[in-house]
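Here the structure comes first, spelled out in structure tokens, and everything after it is commentary.
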2 protein chains.
Amino acid sequence: MRTPRNQSSKRKRAAASIRDVAKRARVSIATVSRVVNRISSVDPELAKRVWKAVDEIGYLPNTQARALVSGRSRILGLIVSEITNPFFPELVQEFENLAVAQGYEVMIGSTNYDPARTELLVRRMLQRNVDGVAVMTFGIEEELVQRLVESEFPLVFVDAGPDLPNIRILKVNYEEGIRQAVQHLAALGHRSMAFITGPLHLRSAVARRDAFVKSMKELGLTAPAGFIVTGTHTMEGGIAAMERMLALPELPTAVLCSNDMTAIGVLHGLYRTTHSVPQEISVVGFDDIHLAQFMLPPLTTVQMSCRDLADAAVEALRAGVETDHRKATQKEWPIPTRLVVRQSTAFPRGTLPALVQKTGRNKSGKNPK
Amino acid sequence: MRTPRNQSSKRKRAAASIRDVAKRARVSIATVSRVVNRISSVDPELAKRVWKAVDEIGYLPNTQARALVSGRSRILGLIVSEITNPFFPELVQEFENLAVAQGYEVMIGSTNYDPARTELLVRRMLQRNVDGVAVMTFGIEEELVQRLVESEFPLVFVDAGPDLPNIRILKVNYEEGIRQAVQHLAALGHRSMAFITGPLHLRSAVARRDAFVKSMKELGLTAPAGFIVTGTHTMEGGIAAMERMLALPELPTAVLCSNDMTAIGVLHGLYRTTHSVPQEISVVGFDDIHLAQFMLPPLTTVQMSCRDLADAAVEALRAGVETDHRKATQKEWPIPTRLVVRQSTAFPRGTLPALVQKTGRNKSGKNPK
DNA sequence: TGTATTCAGGAAAGCGCTTTCCACGGGCAG
DNA sequence: CTGCCCGTGGAAAGCGCTTTCCTGAATACA
């Protein structure tokens with residue numbers, strides 16, 4: 001460290017520092033800092049000189065130094081479960097756009113459902129001194145709560161979380177959308193509906209299943225044993241679950257899925273076994289990922305808007321970061337869900353046979369020649 | 001800054017610092033640093049005391065301070081074009097796994113094809129003093145090259161980049177896989193093949209198109225005008241391109257796409273217009289994203305392995321970061337591609353009409369009896 | 001026993017920056 | 001003319017850490 005910078009053994013050419021700017025503009029580093037950070041009370045003449053110097057030597061303030069001294073990193077953490085589930089990239093993108101617009105940087109991490117990885121992730125966020133973290137894994141891993149919660153960072157959880165002053169909750173209204181889906185199917189004539197859940201250690205997966213059961217009950221319907229199958233929120237899980245269901249003595253006329261990836265798997269499973277959707281079996285997803293509308297047939301699904309989620313998360317975090325102390329207003333942020341009807345749902349076969357023949361792939365139902 | 005930390009106005013409880021550990025273990029901070037960084041020559045007895053103190057107060061070294069003083073951030077940057085194209089999350093995941101295993105952190109950024117965003121991204125990476133950056137946008141945005149290249153960070157580009165000592169290139173062998181695809185189709189009897197490109201400002205999109213044209217030529221075939229349509233590497237682009245193609249007086253019997261998202265769009269477009277795949281038209285994708293095998297029908301595609309790409313990128317970066325100076329060995333890293341045959345390709349209608357009728361959805365397609 | 005050699009570990013410098021404190025000078029009222 | 005206030009900008013502290021330098025003790029050798 002005692003070695004002068006210019007002949008240091010470091011590979012990289014030393015970047016311009018605030019001192020270089022100060023020297024060039026013939027002012028003190030304090031003034032440079034004031035100018036760069038747009039703090040008032042600097043002579044316009046001086047300021048101009050400083051900006052000129054900044055441009056000339058391409059000065060970029062060092063983030064680490066800044067964070068170190070100011071105690072604020074201007075980073076928001078975002079923890080998701082799995083970046084390869086298309087829902088999450090969409091969420092990440094929305095979150096990032098909003099955060100960047102607010103001048104924050106985003107530090108993304110995926111847990112991959114691995115406690116060790118999660119632990120590492122949390123530690124790194126802590127070490128980086130993030131300004132706040134949104135934990136959007138849709139099922140809190142308790143091990144990560146611990147350290148993060150203790151840290152007293154502003155935190156956002158989905159669905160549920162410890163009741164603490166630094167914590168905000170995004171309350172997703174699963175029931176709303178799922179009830180719409182069940183009612184939509186019932187209105188089409190379906191009585192025999194099945195549900196493929198997500199992994200049941202996820203709070204959100206349980207909530208979705210429960211919403212399904214409740215909505216059925218409201219209509220006086222019950223899903224028989226075997227009609228509620230556990231999946232994994234992946235396409236593979238959807239296929240496997242569908243296979244199990246196809247082995248049942250009697251089949252449902254409609255299958256609701258805990259997320260769109262599962263539904264895509266179901267579509268694939270039914271295709272493999274030459275069952276037609278929606279003629280033989282209707283399929284409903286959950287999430288409304290971008291992909292859903294491009295499936296064959298386009299997927300009827302319950303929309304949980306990434307935009308809403310990201311909006312609320314960033315806002316809640318910002319509230320926690322910027323308003324002094326946690327006296328803050330809102331602790332819970334409601335997130336709506338709603339059904340989006342496309343072509344993977346139709347009258348169950350047998351209800352209106354004549355019609356069913358014609359309802360089919362043709363989106364508009366226009367005369368199959 | 002003069003205020004003592006405990007009564008500071010900061011919201012967060014001050015995290016434990018190296019000094020706290022030193023005090024508790026009754027050693028100097030230098031010793032704590034040595035122990036924590038596993039630098040030799042510390043008495044085991046002392047070390048034990050230090051570790052005990054670390055555990056007791058939950059000490060985590062501050063990353064910013066560390067980076068500031070050591071000049072190394074242990075962050076690798078990864079720039080992709082669009083996180084919502086499923087190819088990239090897969091790449092990100094692989095890259096991250098490898099980087100984390102090597103003790104690096106990953107800073108992800110997507111340009112969204114927006115120069116301003118790209119500029120911001122690059123600036124942030126520079127400011128954070130990343131150890132190296134992999135630019136995996138598959139088509140270099142020149143504006144970012146500039147600053148990044150000047151910075152003399154170790155850099156990885158795909159396909160092409162400035163010939164500088166700090167730069168490594170991942171040379172993807174597009175021709176290999178695309179030739180296999182064209183030959184596969186030709187072997188099935190296709191003569192009339194079309195190609196839907198990506199956005200032509202992407203180097204890689206041009207390379208793929210050229211590989212197609214070249215492979216055709218090798219077989220004595222030419223794609224007539226109108227059979228090479230420009231897409232956008234998105235599903236929407238695939239649909240639009242397919243629509244344009246369907247308006248042509250004569251249709252190709254096979255369509256190759258510059259990426260899988262385009263192919264998914266094509267599948268959807270053909271479904272909407274009740275053309276059957278592969279009976280009427282064969283479709284081939286590029287990338288082999290995870291989704292491809294779950295499409296209806298499962299997509300025949302050219303595989304460009306994320307794993308290979310990520311592997312090479314991390315290795316090349318590590319080589320640049322860790323071996324002193326850029327005398328380093330390898331400048332170019334070859335990435336192979338290969339055809340994966342699934343069910344979206346078959347004999348063209350008319351070639352073997354009897355067969356074609358039966359070859360169909362059944363996955364195996366084997367011996368139509 | 002005396003001198004040379006090694007080694008463990010403490011003191012302190014300083015990474016690049018923000019922010020506090022203070023000095024200085026000009027303007028204004030008494 | 002003196003005293004005071006205020007606005008501007010410099011000096012310097014210090015964020016949390018790594019690393020160099022150096023001291024003092026322990027060991028080896030003559």
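Every chain is numbered from 1 and lettered A, B, ... according to where its sequence line falls, protein lines coming before strand lines.
Judged purely by atom type and a 3.5 angstrom limit, A:Arg49 uses its side chain to pair as donor or acceptor with the backbone of A:Ala25. Without hydrogens or angle criteria, B:Ser17 side chain to B:Arg19 main chain gives a donor-acceptor distance under 3.5 Å.
Salt-bridge check for B:Glu90 with B:Arg307: failed, with every basic side-chain N at 4.0 Å or more from each acidic carboxylate O. The pair B:Glu56-B:Arg24 counts as a salt bridge, with a side-chain nitrogen and a carboxylate oxygen less than 4.0 angstrom apart.
Checking B:Val42 against A:Val32, the closest nucleotide of DNA chain C that is more toward the 5' end is the one next to B:Val42. Where B:Ile18 and A:Arg26 meet DNA chain D, the nucleotide closest to each residue was compared, and A:Arg26 sits on the side nearer the 5' end.
Taking only side-chain nitrogens and oxygens, B:Arg66 comes nearer than 4.0 Å to OP1 or OP2 of D:dT18. Checking the phosphate oxygens (OP1, OP2) of C:dG16, no side-chain nitrogen or oxygen of A:Ser17 falls inside 4.0 Å. OP1 or OP2 of C:dT18 sits under 4.0 Å from a side-chain N or O of A:Ser33.
One can place CZ of B:Arg128 at 21 Å from P of C:dC15, the figure rounded to the nearest angstrom. To the nearest angstrom, C1' of D:dC17 lies 14 Å from CG of A:Asn129. Following rounding to the nearest Å, A:Arg38 (CZ) and C:dT18 (C1') show an atom-to-atom distance of 16 Å. Taking atom CD1 of residue A:Ile29 and atom C1' of nucleotide C:dC15, one finds them 12 Å apart after rounding to whole Å. The distance from atom CG of A:Leu126 to atom P of D:dG16 is 15 Å, rounded to the nearest whole Å. Between A:Arg34 atom CZ and C:dT19 atom P there is a gap of 11 Å when expressed in whole angstrom units. Residue B:Asn62 contributes atom CG, which lies 8 Å from atom C1' of D:dC17 at whole-angstrom precision. Rounded to an integer number of Å, the gap from OH of A:Tyr59 to C1' of C:dG16 is 7 Å.
Within 4.0 Å (heavy atoms only), A:Leu46 reaches sugar-phosphate atoms of the nucleic acid but no base atom. A:Thr31 comes within 4.0 angstrom of the backbone, heavy atoms only, and of no base.
Taking only side-chain atoms of B:Pro61, from C-beta outward, the nucleotide of D:dG14, D:dC17, D:dG10 with the closest atom is D:dC17. Residue B:Arg19 places its side chain closer to D:dG16 than to any other of C:dG16, D:dG16, C:dT19.
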- prompt: Hey, mind stepping through B:Arg72 and B:Val321 against side chain to side chain contact (heavy atoms under 4.5 Å, CB included) and telling me if it holds?
  reply: CA-CA 10 Å; B:Arg72 290 198 44 190; B:Val321 175; 3.6 Å; yes
